[in-house]
Novice: 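The structure is given below, and queries will be raised subsequently.
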Amino acid sequence: MKETKHKMHKPHFIHDIRIGIGDMCKITGVTGRQLRYWEERGYIKSLADEKNSVRKYSWEMLYKVGSIKVFIDEGYTLAKAVEKSELREKEMAIIRKFMAANMHGVEITDEEKLYGQLDLGQCEGKKIYGVVDENGSHLEFGEG
DNA sequence: TTTCTAACA
DNA sequence: TGTTAGGA
């Protein structure tokens with residue numbers, strides 16, 4: 001896989017995505033003025049080229065800006081919105097860790113309605129299932 | 001045309 | 001926060 005012709009411009013992963021400030025504005029509804037201010041305050045960061053250059057944002061920043069924007073629209077101040085956004089992200093990281101370690105399978109029970117049963121492994125000899133059905137979701141014990 | 005910083009009728 | 005000037 002040699003790239004002798006044109007380097008760059010071939011993102012293979014979502015993590016390679018780079019978003020300009022204009023697109024960031026269109027996608028999130030946050031103004032360029034706000035984005036520059038948020039960066040100045042250290043709430044977000046753009047990809048470190050030298051300063052005074054054109055800002056590029058990562059996928060993570062797109063996500064974070066969108067998240068902050070939601071909280072702002074709910075009436076939180078910028079500082080509180082950032083706080084909630086960052087707390088949410090940390091909580092989600094823990095949830096992902098837990099799920100990665102304990103999700104042993106998913107059985108789909110209704111493809112239309114997206115109901116199913118999560119195999120969450122065992123505890124004290126009993127199987128644990130997370131059930132999503134017409135009643136919402138709940139936990140169930142199964143036979144060892 | 002877009003984005004940059006700095007500053008303010 | 002909006003907006004504008006003046007460059008890059």
Side-chain angles (χ1 to χ4, degrees), chain A residues 1-123 126-142:
Chain A
M1 287 205 203
K2 286 208 169 181
E3 297 252 282
T4 48
K5 286 184 182 175
H6 309 98
K7 302 182 176 181
M8 57 175 30
H9 298 131
K10 196 184 179 187
H12 294 172
F13 307 102
I14 195 168
H15 306 91
D16 294 326
I17 288 177
R18 296 291 178 270
I19 301 141
I21 195 169
D23 290 330
M24 188 71 132
C25 296
K26 288 178 202 159
I27 296 169
T28 63
V30 176
T31 66
R33 174 82 168 80
Q34 287 176 301
L35 290 171
R36 295 185 186 102
Y37 178 65
W38 296 2
E39 180 172 342
E40 184 186 313
R41 297 298 306 273
Y43 294 146
I44 62 174
K45 54 184 170 57
S46 58
L47 269 23
D49 358 287
E50 315 93 51
K51 42 190 90 173
N52 211 317
S53 174
V54 178
R55 290 174 174 76
K56 295 291 178 186
Y57 298 99
S58 65
W59 154 253
E60 285 78 9
M61 277 305 125
L62 171 61
Y63 188 85
K64 184 172 184 182
V65 169
S67 161
I68 293 172
K69 167 68 170 169
V70 169
F71 287 123
I72 284 179
D73 288 346
E74 286 177 10
Y76 292 96
T77 63
L78 174 58
K80 281 295 177 189
V82 171
E83 200 177 299
K84 293 195 67 109
S85 169
E86 291 177 348
L87 178 59
R88 248 283 169 286
E89 196 46 48
K90 284 172 186 166
E91 292 170 347
M92 285 306 296
I94 294 172
I95 290 172
R96 282 192 290 272
K97 277 192 197 177
F98 179 86
M99 292 304 282
N102 298 288
M103 266 298 307
H104 300 167
V106 183
E107 182 191 332
I108 297 175
T109 54
D110 189 320
E111 296 200 4
E112 298 298 311
K113 297 176 177 174
L114 294 180
Y115 295 152
Q117 191 164 290
L118 313 179
D119 180 353
L120 297 177
Q122 295 206 344
C123 182
K126 291 178 181 172
K127 297 276 310 180
I128 302 176
Y129 295 102
V131 179
V132 177
D133 59 20
E134 61 276 5
N135 299 315
S137 62
H138 62 275
L139 292 173
E140 271 181 26
F141 289 118

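Excluded from the calculations below are hydrogen atoms, water molecules and symmetry mates; all remaining heavy atoms, backbone and side chain alike, are included. Below, chains carry the letters A, B, ... as their sequence lines are ordered, and counting in each starts from 1. Values in this document were obtained by computation on a predicted structure and should not be read as measured data.
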Novice: Starting from P on C:dA8, measure out to CD1 on A:Ile21 and report it in whole angstrom.
Specialist: 19 Å
Novice: Where along residues 28-41 of chain A does a heavy atom come under 4.0 Å from DNA chain C, residue by residue in number order?
Specialist: A:Thr31, A:Arg33, A:Gln34
Novice: With no hydrogens and no angle check, do the side chains of A:Tyr37 and A:Arg33 hold a donor and an acceptor under 3.5 Å apart?
Specialist: no
Novice: Does atom CD of A:Glu111 have more than 12 heavy-atom neighbours, drawn from other residues, nucleotides or ligands, at distances under 6.0 Å?
Specialist: no
Novice: Can we say A:Arg96 and A:Glu91 salt-bridge, meaning some charged N sits less than 4.0 Å from an Asp/Glu carboxylate O?
Specialist: no
Novice: Is any NZ, NE, NH1 or NH2 atom of the basic residue among A:Glu39 and A:Arg55 found under 4.0 Å from an Asp or Glu carboxylate oxygen of the other?
Specialist: yes
Novice: Keeping A:Lys64 on the side-chain end and A:Tyr43 on the backbone end, is there a donor-acceptor pair under 3.5 Å?
Specialist: yes
Novice: Nearest whole angstrom, please: distance from the C1' of C:dA8 to the CZ of A:Arg55.
Specialist: 14 Å
Novice: Testing the basics here: between A:His104 and A:Leu120, what is the closest heavy-atom pair and its distance to 0.1 Å?
Specialist: ND1-C, 4.4 Å
Novice: Do you know which two heavy atoms are closest between A:Val132 and A:Ser137, and how far apart they sit?
Specialist: CG2-CB, 4.0 Å
Novice: So which atom in A:Leu35 and which in A:Cys25 form the shortest heavy-atom distance, rounded to 0.1 Å?
Specialist: CD1-SG, 4.0 Å
Novice: Using both pair distances under 3.5 Å as the test, note the stems of at least 3 consecutive Watson-Crick or G-U pairs that include DNA chain B.
Specialist: B:4-8 with C:2-6
